[in-house]
Amino acid sequence: MKGKELLRSRSVLPIGTVMKLTNLTARQIRYYEEQELVLPDRSEGNRRLYSLNDIDRLLEVKDYLDDGINMAGIKEIYRQRRQKQASKRHEENKPLTDSDLRRILHDEFMNLGGLDTPDQQSFRTHNPLM
DNA sequence: CTTCTAACA
DNA sequence: TGTTAGTA
């Protein structure tokens with residue numbers, strides 16, 4: 001890891017600063033944490049400490065939400081993102097093709113309850129695999 | 001004064 | 001999500 005990334009992962013920002021930087025309410029920021037969309041560190045006094053990477057993640061979550069994607073959809077996107085990175089690591093022996101991923105994602109998407117029409121459109125719009 | 005958890009008129 | 005109560 002390079003120094004630059006080390007700084008981005010350094011948790012030092014209190015929730016108040018994060019609120020101003022993201023235009024999100026404390027309620028929303030804490031709720032997204034409850035949904036495991038962001039996992040800030042904690043100070044000795046149990047205060048949340050965010051990193052620049054956390055800020056980016058929150059802004060990203062906010063964008064998806066603005067586009068009509070719900071919590072389930074966002075979690076799904078990150079779940080896939082991690083899965084894709086995992087595949088990229090052992091790409092030596094298990095090179096799952098984009099075509100395969102697309103089929104799998106499509107199946108799971110169709111079985112994902114709670115996603116209304118606008119969500120489905122946004123889902124496709126933001127999913128690099130579709 | 002700022003943040004935290006829990007709860008709901 | 002907003003908001004508020006009672007803390008730390």
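Being a predicted model, the structure only gives us computed values, none of them experimental. Chain A is the first sequence line, chain B the second, and so forth, proteins listed ahead of strands; every chain is numbered from 1.
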So, using side chain to side chain contact (heavy atoms under 4.5 Å, CB included) as the criterion, who are the partners of A:Ser9 when residues are at least two apart?
A:Met1, A:Asn53
Applying side-chain hydrogen bond (donor to acceptor under 3.5 Å, both in side chains) to A:Thr22 and not counting sequence neighbours gives none
Rounded interatomic separation in angstrom, taking CG from A:Leu24 and C1' from C:dG2
14 Å
Under 4.0 Å, heavy atom to any atom of DNA chain B: which of residues 36-44 of chain A qualify?
A:Arg42
Go through the structure and list residues passing side-chain hydrogen bond (donor to acceptor under 3.5 Å, both in side chains) with A:Asn46, not counting sequence neighbours.
A:Arg42
Of all residues at least two apart in sequence or in a different chain, which pass the side chain to side chain contact (heavy atoms under 4.5 Å, CB included) check with A:Leu39?
none
Taking only residues two or more places apart in sequence or in another chain, which ones pass side chain to side chain contact (heavy atoms under 4.5 Å, CB included) with A:Gln28?
A:Leu24, A:Thr25, A:Tyr32
Mind checking what makes side-chain hydrogen bond (donor to acceptor under 3.5 Å, both in side chains) contact with A:Lys62, not counting sequence neighbours?
none
As a check on the pairing definition, encode DNA chain C in dot-bracket form, counting Watson-Crick and G-U wobble pairs whose two distances are under 3.5 Å, and using | for partners outside this strand.
.|||||.|
For nucleotides 3-8 of chain C, just jot down a letter per nucleotide in 5' to 3' order: B, S or -, based on protein non-hydrogen atoms under 4.0 Å.
B----B
Atom-pair distance (CG on A:Asn70; P on C:dT1), nearest Å
11 Å
Using OP1 and OP2 only, check whether a side-chain N or O of A:Tyr32 sits under 4.0 Å from C:dT1.
yes
Please list, chain by chain and in numerical order, all residues satisfying salt bridge (Lys or Arg N to Asp or Glu O under 4.0 Å) with A:Arg48, sequence neighbours excluded.
A:Glu33
Spacing between A:Leu13 atom CG and B:dT3 atom P, to the nearest angstrom
11 Å
Would you kindly give the OH-to-P distance between A:Tyr50 and B:dT2, to the nearest whole Å?
17 Å
Strictly distance-based, threshold 3.5 Å: is any side-chain N or O of A:Asp67 a donor or acceptor partner for the main-chain N or O of A:Ile69?
no
For A:Leu7, check side chain to side chain contact (heavy atoms under 4.5 Å, CB included) against everything at least two apart and list the hits.
A:Arg10
For A:Met19 and B:dT3, give me the distance from atom CE to atom C1', rounded to whole Å.
10 Å
Using whole Å, report how far OH of A:Tyr31 lies from P of C:dT1.
8 Å
Hey, could you give me the CD1/CZ distance between A:Ile74 and A:Arg57, rounded to the nearest 0.5 Å?
10.0 Å
Apply side-chain hydrogen bond (donor to acceptor under 3.5 Å, both in side chains) to A:Glu60 and list each qualifying residue two or more places apart in sequence or on a separate chain.
A:Tyr78, A:Arg81
